[in-house]
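First comes the structure, then the notes that go with it.
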Amino acid sequence: MAERRTSLWICVAASALVAPFIINPAVTIGAMLWARHESIKLHPTLAAINPPTISRAIADPIIGDPFALWMFVVGGAQAFAVYRLALAMGRTALVIGSPRYRALMSVLLCFMVLAMAAAVVGVVMLSQYTGSISDYYHQLGSYLMFTGDGVGILLCGILVWLDHNQRKGRETSATDVPLPYNFLFHTWFAAVVSAHYIVFGILFFAFDFLASFHNYFFRLSFAMVEVAVLAVSVIYLGGFVFSMYRHERYLLCRANRA
């Protein structure tokens, strides 16, 4: 009976540790879709001419104020998830290979964490300083979020790829800590996310030029690509939930046996 109770406690604790990996994408995607829906409902005439981006939707305080509260939840969940992921990568990706290889992986991990930390700061900043409050700080927050997520996810994909290749042909044992990632998903989907960011970057920096061909179609495309970029970014982080659950559960079981 005691063993069953301990096993249940470990499962609950591991689930709590990985819950932010689910909270982050669920709240982010839900909040984005809600913001666009409310903006179209409140301003149908304007939306028919100029489909709202997330930034323009939250400029209305009726939408922006609750959105800002939800982004505090998103920022906290993302910060905790990145923290746990960084620890897990440190336990696995930084303990094998030559000293030179481990040094390279340490640098990659540090830059990945810094980029993702910048994204957390950005998402909170852009939601608190909407365009109606401070266009400068809103734009700065947007740059931090998009650049941080784009660079962080790209570096994460490279880190996973390098670690996987380093482990090829290496014997594993029952004492090896479960890997916190899924190799196929976290390399190939990193490429998918990067492709979205490239398309979004082209649309963003060539906004005026492309809008001159067909203003409404371009603005609609831009708004849809913005939502897609943000969605695939948080889905990438959410993709760690199962592998991180195994990793966290293993650590809790090992601590319980000690």
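Excluded from the calculations below are hydrogen atoms, water molecules and symmetry mates; all remaining heavy atoms, backbone and side chain alike, are included. Bear in mind that the values here come from a model prediction, so they are computed numbers and not experimental data.
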Are the side chain of [X] and the backbone of [Y] linked by a donor-acceptor contact shorter than 3.5 Å?
X: Gln78; Y: Asn24; value: no
X: Arg36; Y: Pro51; value: no
X: Arg56; Y: Asn50; value: yes
X: Tyr181; Y: Met89; value: no
X: Gln128; Y: Ala68; value: yes
X: Ser39; Y: Ala35; value: no

Heavy atoms from other residues, nucleotides or ligands near CH2 of Trp70 exceed 12 (cutoff 6.0 Å) =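 No, because the 6.0 Å sphere around CH2 of Trp70 holds 12 heavy atoms or fewer from other groups.
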### Message
Tell me whether Leu46 at atom CG has more than 12 heavy atoms from other residues, nucleotides or ligands lying less than 6.0 Å away.
### Response
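Atom CG in Leu46 is crowded, with more than 12 foreign heavy atoms closer than 6.0 Å.
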For the pair His186 and Tyr236, name the ring-plane relationship: parallel under 30°, tilted 30 to 60°, perpendicular over 60°.
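Geometry flag for Tyr236 against His186: perpendicular rings.
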Taking the side chain as every heavy atom from C-beta outward, state whether Phe67 and Thr130 have any pair of such atoms under 4.5 Å apart.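 Side-chain contact under 4.5 Å: no.
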Within the 4.5 Å heavy-atom criterion, are Ile58 and His138 side-chain neighbours or not?
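In short, these two side chains touch, coming nearer than 4.5 Å.
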>> Who clusters with Tyr137? Use side-chain heavy atoms, under 4.5 angstrom, across I, L, V, M, F, W and Y, and order the result by chain and number.
In response: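 Taking Ile, Leu, Val, Met, Phe, Trp and Tyr as members, Tyr137 shares its hydrophobic cluster with Val121, Met125, Tyr129, Ile133, Tyr136, Leu140, Leu144.
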Original post:
For Val12, what are the other residues in its hydrophobic cluster, where any two members join if their side-chain heavy atoms are less than 4.5 angstrom apart?
Top reply: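 Hydrophobic cluster check, Val12: joined to Leu8.
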If you look at every heavy atom in [X] and [Y], which pair is closest and at what distance?
X: Val124; Y: Gly75; value: CG2-CA, 4.3 Å
X: Val229; Y: His196; value: CG2-O, 3.5 Å
X: Leu203; Y: Ser221; value: CD1-O, 4.4 Å

Strictly under 6.0 Å, is that where the ring centroids of Phe200 and Phe146 end up?
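For Phe200 and Phe146, the ring centres are under 6.0 Å apart.
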